[in-house]
Every structure is written in C-alpha cells, then in structure tokens.
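Please read the structure below before turning to the comments.
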Amino acid sequence: MSRKEVFAVAQMGPVHLADSKQATVARLIEMLREAHARGARWVTFPELALTTFFPRYVYDDPADYDRFYEEGLPSPAMVPLFEVAKDLGVGFYLGYAEKVVEGGETRRFNTSVLVGPDGAILGKYRKIHLPGTKDPIGDPEFEHLEKRYFEVGNLGFPSFATPSGRFGMCICNDRRWPETFRTMALRGAEVFMLGYNTPTRNIHHPEPAHLREFHNRLSLESAAYQNGAWVMAAAKCGSEDGFAMIGGSAIVAPTGETAAKCMSEEDEVITVDCDLDLGAYIRRSVFDFARHRRPEHYGPITAQVGVEIPE
Ligand code: ING
C-alpha cells in the first residue's frame, strides 16, 4: 500500500512595493483554500512571500527596510494564514524575511517555516546560499543585495519529521547547489519544499533569458532524481513594479519528471496526488547512498570553499 498525499504548490504573481501585507496574505489564504478544495494536505508558498523582492533596491538605513521583515512566529501579518490553515487541516511552507534578536543582537535572515496540518510549527530554515552582493554593483536597472539584507543561515540543512514523512526545506539560490539536497537526503528527507524569486535578467552576467527557466528546471529535476525525492517549488513571479521574475513553479517526481507546472506568471495553484514511496526504488538502487557513496574521495567538497589547483 503506497503512501499517497496531495501536495500543492501555490505560485504568486507579482507583489508590488505599495501592496500591503494584509492584501498579500489574503491572496495566500485564497490559494490555500483552493488547494484544500482540491484535497491538498500540504501547500508550498514562495520565498519572501509577504512582500516584493526588496533586495533589488538599495537601502542604507534599517529604518527604511525593516518594514519588509516579520518579527515573531507567527508574526501579526501571518496570523490569519496560520488560523485558516489550522482550521482546514493544511500544512504549509512559507518564505519570509525574518528579524529576530538572538544572542542579544538583532539578526536578519531569509527564512522559511514549515507548519503542520495541526498548526504546529515543525521547523525553520534560514537561507544559506545568498546570491548577489553586499554593496551595489551600479546596474542601471536593479541590484541583487541579499548579502546586504540577510545573514547566512545558521540552522544548517535539517530534515523535519511530519505526519506525512520527512521533509527538507531550502530557498531559491540553494536549489542551484547539489550539496543542499544531498545533505537533506542524507538526513532522510523524501520531500523537498522551496520557494524562489528569480529575476529574468541576470545582472551579473549577460545570458539569454530562456536559460533562467532552463536552469530552474534543471536544478529542480536533478535534485529530485539524484536524491529520489519529490520537489515542490513555488515562484513569486511576473513584473513587480516593472522588474520581471520567472515563473515555472513545479512539482517534480523522484524520477526527475515534472509532474505539474504552472503555466502563468500569476497566482496559480497546481496539485499532484503524490506517491511518497515512488522514490524508494531509486534510493534502493541507483542512489542507494549506503551502498554506493564513497565519502573518502569527496574531501574537497567540505574541506575547500573555492578551487585549489593541486601542486
Ligand atoms: N534569486 C536568484 C536565484 O538563485 C540568481 C538569484 C539567479 C542567482 C540566477 C544566479 C543566477 O534563483 C534568489 N533569490 O536567489
């Protein structure tokens, strides 16, 4: 008897600077209700789901950008979503900008939270692979300043026990690094949930726009197959105040096949009735880690940061 569960990915269209968190959360609730109506028990929302992708702008004074962050979990803006989800018995992944006092200091992270169908907070993840720069590069159109507004995550890549199995979480640029998923898979994760906000134009290197979609799909499908896990990936996309971001939200099976994909750049819910045992044969054969991995030969992966040419 296979373990089947309906998962939803809730893609968001643009969130503009002028949009209130209340109006944005109302959109999340509407999509959660739609997912529930289709039988979903889990919903994955995007990265930084409550606000526009503010790291595209240059701010110097925290007083000018603190409004994008959430304090407390759930934060006041999140409470209506938490309440409806608990009432409907739907668990969810939510990406948000986290402001917290830890060790007597104010810390800021690009964070995701995993909430169970009973409303329990199952865990948090803080984005580790922060792309872009700390200081502006002077692009005439926009910047990518996640290293300016967030610290590197300090919670590692855990897996979380849920009523449906073990899940892992990551955020956006993390999906481009295979270390992300292998670490979570080695901790038993069989479902990966992630949100992303990916600008259509790469300000760090000119490249054809179609590569953004291709690299997104390549990252998701490789992660799924190479770890025998389901991947739930939710974009916030479309034109935010004129700044274009890619869609391509998807649910990818452990075989690496995309089982469902969003067709728009608007709020859109996709669902799949997932067989959570589908990846078992992959993890018992081609990617049977215990039988086939040879960590004694993987030294540079954790010993080095960049390339070191052997003498
Ligand atoms: N966005 C982009 C992402 O990794 C990026 C940044 C795009 C980096 C393309 C490199 C190449 O999808 C976030 N928020 O990480």
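When a ligand or atom number is given, it counts from 1 through the structure's own listing order.
- By the 4.5 Å heavy-atom criterion applied to side chains, Asp174 and Leu194 are not counted as neighbours.
- Ring-plane geometry between Tyr59 and Phe68 is classed as tilted, the angle between the planes lying from 30 to 60 degrees on a 0 to 90 degree scale.
- Under a 4.0 angstrom heavy-atom cut-off, Glu47 registers as being in contact with ligand 1.
- Side-chain contact between Glu102 and Asn154: present, with at least one pair of heavy atoms (C-beta onward) separated by less than 4.5 Å.
- No part of His205 comes within 4.0 Å of ligand 1, judged by heavy-atom distances.
- No side-chain heavy atom of Val43 sits under 4.5 Å from any side-chain heavy atom of Met31.
- Ring orientation note: the planes of His144 and Phe53 are tilted relative to one another, at an angle of 30° to 60°.
- For atom 12 (O) of ligand 1, the closest non-hydrogen atom of the protein is Thr198 OG1, 2.7 Å.
- Under the 30°/60° scheme for interplanar angles, the aromatic rings of Tyr125 and Phe157 are found to lie parallel.
- Heavy atoms of Glu146 come nearer than 4.0 angstrom to ligand 1 in at least one pair.
- Of all protein heavy atoms, the one lying nearest to atom 5 (C) of ligand 1 is Asn173 ND2, 4.0 Å.
- Nearest non-hydrogen protein atom to atom 6 (C) of ligand 1 is His144 CE1, 3.6 Å.
- Contact annotation: His204 has no heavy atom less than 4.0 Å from any atom of ligand 1.
- Arg201 CZ to Glu207 CD: the interatomic distance, rounded to the nearest 0.5 Å, is 11.0 Å.
- For atom 1 (N) of ligand 1, the closest non-hydrogen atom on the protein side is Asn197 O, 3.0 Å.
- When hydrophobic clusters are built by joining Ile, Leu, Val, Met, Phe, Trp and Tyr residues whose side-chain heavy atoms come closer than 4.5 Å, directly or via intermediates, Val58 is grouped together with Phe142.
- The distance criterion of under 3.5 Å between nitrogen or oxygen atoms is met by Arg176 with respect to ligand 1.
- Closest protein heavy atom to atom 13 (C) of ligand 1: Cys172 SG, 2.8 Å.
- Ligand-side atoms of ligand 1 in range of Arg212: 7 (C), 9 (C), 11 (C), range being under 4.0 angstrom from any heavy atom.
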